[in-house]
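Notes for the one structure printed next.
Residue indices begin at 1 and follow the sequence shown.
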Amino acid sequence: MMKSIAYSITILLLGGCASSPMLSYNNDGSSPSLTTLIADKSCDASFQCKVLSIGERPACGGPSQYLIYSNKSLNEDLVEQTAAQVTKQEQMSNKQQTSVDVCKQVLPIQSLCINKKCEAFKTK
């Protein structure tokens, strides 16, 4: 009986942690990079695999890259906020550039869970 109560309390406490954004900081006190946040690409099913568009191409607009990640064990709100910060920084950097680069084509990607890992593939 006591064991089941302790188990229930643990589940409730852990559930509360999942709903609040948890940001672990790097050793130097800075917030983690986007690639660090989405490094764990483990998955059980393809619905856990997501595509994130970030950045902005200066010559023609649209995202500068697409990244895949798994939402299995991360805070999606934190990932989206960090991606928005990266995009905003890139937009500001683009405004400061005096020369305009040739518009490079960046094709959208899709993601699937293959061998318990989110993998990207390009659509044709």
Test log, rule side chain to side chain contact (heavy atoms under 4.5 Å, CB included), inputs Val51 and Leu67: CA-CA 6 Å; Val51 176; Leu67 301 173; over 6 Å; no
Do any N or O atoms from the side chain of Lys116 and from the backbone of Cys113 form a donor-acceptor pair under 3.5 angstrom? no
Determine yes or no for a side-chain-to-main-chain donor-acceptor pair under 3.5 angstrom, with Asn115 supplying the side chain and Lys117 the backbone. no
Just how far is it from atom [atom1] of [X] to atom [atom2] of [Y], taken to the nearest 0.5 Å?
X: Leu37; Y: Glu80; atom1: CG; atom2: CD; answer: 12.0 Å
X: Glu119; Y: Ile114; atom1: CD; atom2: CD1; answer: 5.5 Å
X: Gln89; Y: Met92; atom1: CD; atom2: CE; answer: 7.0 Å

Are the side chains of Ile109 and Phe121 in touch, meaning some heavy atoms are under 4.5 Å apart? no
Applying side-chain contact (heavy atoms from CB on, under 4.5 Å), name anything that partners Ala84, two or more places apart in sequence or on another chain. none
List the steps and the verdict of side chain to side chain contact (heavy atoms under 4.5 Å, CB included) for Leu52 and Tyr66. CA-CA 6 Å; Leu52 184 64; Tyr66 294 96; over 6 Å; no
Which atom pair, heavy atoms only, marks the closest approach of Lys41 to Ile38? NZ-O, 2.9 Å
By side-chain hydrogen bond (donor to acceptor under 3.5 Å, both in side chains) - contacts of [X] (at least two apart):
X: Ser93; result: none
X: Thr87; result: none
X: Ser64; result: Glu90
X: Asn71; result: Glu76

Return each pair, listed once, that meets salt bridge (charged side-chain N to carboxylate O under 4.0 Å, His left out) where at least one residue sits in residues 48-73; pairs must be two or more places apart or across chains. Asp44-Lys72
Are the sulfur (SG) atoms of Cys49 and Cys118 separated by under 2.5 Å? yes
If you apply the rule side chain to side chain contact (heavy atoms under 4.5 Å, CB included), what do you find for Val79 with Leu74, and how did you get there? CA-CA 8 Å; Val79 170; Leu74 60 73; 3.6 Å; yes
